[in-house]
2 protein chains.
Amino acid sequence: MGDVKVKNMEEFAALSGISRPTVSKYFNDPGSVRASTRARIEAALEKYDYRPNIFAMNQNRKLTKNIGIVVPYLADPFFAEIARNIEQRCIDSGYRPTLFSSHGNPELEIEILDALQSLKPAGVLFAPLGRASNKAEIEKFCKNVPTVLFDSNLDGIGEAFVGSDNFSFVSQTVEYMTRTGAPPSFFEMRTPANPNANKRRAAYIEMMTRLGFEPHVIQVDGEGWAFEEIGRRGAHKVLEDKNHPTDAILCSNDRLAIGFLSACYERGVKVGRDADCVLRVASNDDHPFSKFTCPALTTAAHDYDRVSEHSVDSLFELIENGKRPGTRAETLFPARLILRASA
Amino acid sequence: MGDVKVKNMEEFAALSGISRPTVSKYFNDPGSVRASTRARIEAALEKYDYRPNIFAMNQNRKLTKNIGIVVPYLADPFFAEIARNIEQRCIDSGYRPTLFSSHGNPELEIEILDALQSLKPAGVLFAPLGRASNKAEIEKFCKNVPTVLFDSNLDGIGEAFVGSDNFSFVSQTVEYMTRTGAPPSFFEMRTPANPNANKRRAAYIEMMTRLGFEPHVIQVDGEGWAFEEIGRRGAHKVLEDKNHPTDAILCSNDRLAIGFLSACYERGVKVGRDADCVLRVASNDDHPFSKFTCPALTTAAHDYDRVSEHSVDSLFELIENGKRPGTRAETLFPARLILRASA
DNA sequence: AATAAAAATTTACGCGCGATAACTTTTACT
DNA sequence: AGTAAAAGTTATCGCGCGTAAATTTTTATT
């Protein structure tokens, strides 16, 4: 990088010996100028310290290079990881991602979308809160900005949805537990924040019926996004009552399972597949911490990479093809069973 | 909110019956206009749908309302939580925070600062990676932008530092373990990413010496930010060798401890203060997940609230007082001991 | 070498707002 | 009521760049 500070594009164009409009074209899309001019501009970039003014750039541009990434709850490492993955892909493609978290708050979620509008984003990758989301407002937003939903679907909203196949998750965990032990009870929140939870419950019931067993759903109380604590308290109640038909529990998601295992430990209930274990616990998500629970959690893993890759690719296709595809694609990726000690 | 879209401030000013420069003043600082005009503008805001164009706003402003928040590793819920706290405080004060994560990568850290410069931020709240950070580049950045460092200090860099008092953490955990059992060995990474780790080790040695015991530091190998895995592997080695003088372990931080406890469980080493326990494990940080380890982790808690409050306040003081205070304040907040089952 | 197509240049305008200066109106206070 | 200070108004400029049209130069094709 250079040492001489260059004030504006006019000056930089003069220094590089190229006209300003061409330099402008270069910054908008380096591939749109001839290789020889590109080389001259890049040589000048090495020599002088110049970056176009972002604010002036975006003011009159019809399509900015800004991408909004919105996740429901960033303190959940699952979303932090997927956000990171998506963020990197955007940067690699020459876009400028900005990360937002709704922090579990539906009003904040709408405020974020409002603020995003004024950034004139080329597109938005959006994992909604789910049940609590203000769908009318979100729909309004999606009419103005090309949006790809991920992780959590809202029917008909956004240009596309990319997520994981909940049936694939639950069918594998149920099948595994049944085959290697007993058919599990299903442990979940009574009023889940996320629509995936409902699909998982339905998949559980479907699978159990298909395999010829009676489904048994345990629903615990609790609101908000403190899933571990909800799981822990719920587990204490469940373990006290002891009215589950088998010694197998399938948690709707890993964060509930983390709480569940913590309660088991507190009560001295040994979990795992050893002979002296009284309970087997499995779950879904392959949360970054699920490897470190006690015992380590058997779970079904999201295909992080493919979900984020396909989300980003879908959005870029939308952006580059002038948007509005007509049909709303819903892409689901299958899960991968991760066997650990808990079941 | 209104329904009629208003194109620009000119138009909005006409609709509200106020001159454009006054409306401009209002958006810059609502308190700077008379209460009666403020009411008229706000009435018009209710009636019409108008928001100033961010890009045009920031283009010519000497001081924007942008605040950069940079954390080293967002997939660590500790940083996610503190970032959220800081973010909210910025918004409440009328600023526009943008969140960035260095993802443990020193080059990315510098890229983020570079990108931040072009956002002309009024100020930056910055938790550096630490040892791996490119200090020369960071120092250069801090010369251009008022920056408050938090969590992790870099000597002399930035206008102020706000963090936790590592001696307060370690002295309490060491004192507690010693008083209620035996003096602990200290478990840490050989080449810690973070300068706090060095301060904690020093504090441990100081405390042990003061109490009349021989310090015993266990250093495990491992690079990067996968602390849990490093802790787990390190613990397996340590537990195999069994050459620790007492049955008490103090981990440098909670994420290492999470891995340590996971290894203990895997080996059937019972941790806690019950009679049948062979090991006590404590740690420092009060990580959001430390409540759910098995057993729940005894640790020393950061004062999240005060650290983030004071960081933000320091920065705003810098910004509003025209910056450059002359002396670089370092503020450390004490820890609070959290007793749980592990020690 | 002739011709068409592609790329770069020149020129000019405008985006939406911040900032300033000179002037007028409203408020606060003796 | 009189006066100074505070706040609002009108007018105008400029920020740094995108964009478009008309023109010229370069490259590719036969």
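Not measured: the values here are computed from a predicted model. Letters A, B, ... mirror the listed sequences (proteins, then strands); counts begin at 1.
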Taking side-chain contact (heavy atoms from CB on, under 4.5 Å) as the test, write out the residues that go with [X], two or more places apart.
{"X": "Lys135(A)", "result": "Leu154(A), Ile157(A)"}
{"X": "Asn60(A)", "result": "none"}
{"X": "Asp305(B)", "result": "Asn85(B), Arg89(B), Asp303(B)"}
{"X": "Ser164(A)", "result": "Phe169(A), His302(A), Val307(A)"}

With a strict under 4.0 Å distance from non-hydrogen atoms of chain B, what nucleotide opens and what nucleotide closes the contacted stretch of DNA chain D, reading 5' to 3'?
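Span of nucleotides near chain B: dA7(D) to dG16(D).
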Summary of salt bridge (Lys or Arg N to Asp or Glu O under 4.0 Å) pairs that have at least one residue in residues 25-39 of chain B, sequence neighbours excluded
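Listed by first then second residue: nothing to list.
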Table please: side-chain donor-acceptor pairs of residues 64-80 of chain A below 3.5 Å, with sequence neighbours left out.
residue  : atom : partner   : partner atom : Å
Thr64(A) : OG1  : Asn66(A)  : N            : 3.1
Thr64(A) : OG1  : Lys120(A) : O            : 2.6
Asn66(A) : ND2  : Leu119(A) : O            : 3.1
Asp76(A) : OD1  : Phe78(A)  : N            : 2.9
Asp76(A) : OD1  : His287(A) : NE2          : 3.2
Asp76(A) : OD2  : Arg255(A) : NH1          : 3.2

Just grab all the side-chain hydrogen bond (donor to acceptor under 3.5 Å, both in side chains) pairs involving residues 121-134 of chain B, residues at least two apart or on different chains.
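For residues 121-134 of chain B: Glu109(B)-Ser133(B).
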Name all residues meeting the ring-ring contact (aromatic ring centres under 6.0 Å, His included) criterion together with His103(B); count only those two or more places apart in sequence or in a different chain, and write none if there are none.
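For His103(B), no residue satisfies ring-ring contact (aromatic ring centres under 6.0 Å, His included) once neighbours in sequence are set aside.
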Any donor-acceptor N/O pair, Asn58(A) side chain to Ile54(A) backbone, under 3.5 Å
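Between the backbone of Ile54(A) and the side chain of Asn58(A) there is a qualifying donor-acceptor contact (under 3.5 Å).
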Walking along DNA chain C from 5' to 3', note the first and the last nucleotide with an atom under 4.0 Å from a heavy atom of chain A, and give both.
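Both ends considered, the range comes out as dA7(C) to dG16(C).
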What is the nucleic acid contact for Tyr50(B), judged by heavy atoms within less than 4.0 Å: base, sugar-phosphate only, or nothing?
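Tyr50(B): backbone/sugar contact only, no base atoms under 4.0 Å.
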Contact residues, residues 17-42 of chain B to DNA chain C [heavy atom, < 4.0 Å]:
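The stretch gives Arg20(B), Ser24(B), Arg34(B) as the residues lying under 4.0 Å from the strand, ordered by number.
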Which donor-acceptor pairs under 3.5 Å do the side chains of residues 12-21 of chain B make with protein atoms, sequence neighbours left out?
residue  : atom : partner  : partner atom : Å
Ser16(B) : OG   : Phe12(B) : O            : 3.1
Ser16(B) : OG   : Ala13(B) : O            : 3.1
Ser19(B) : OG   : Thr22(B) : OG1          : 3.1

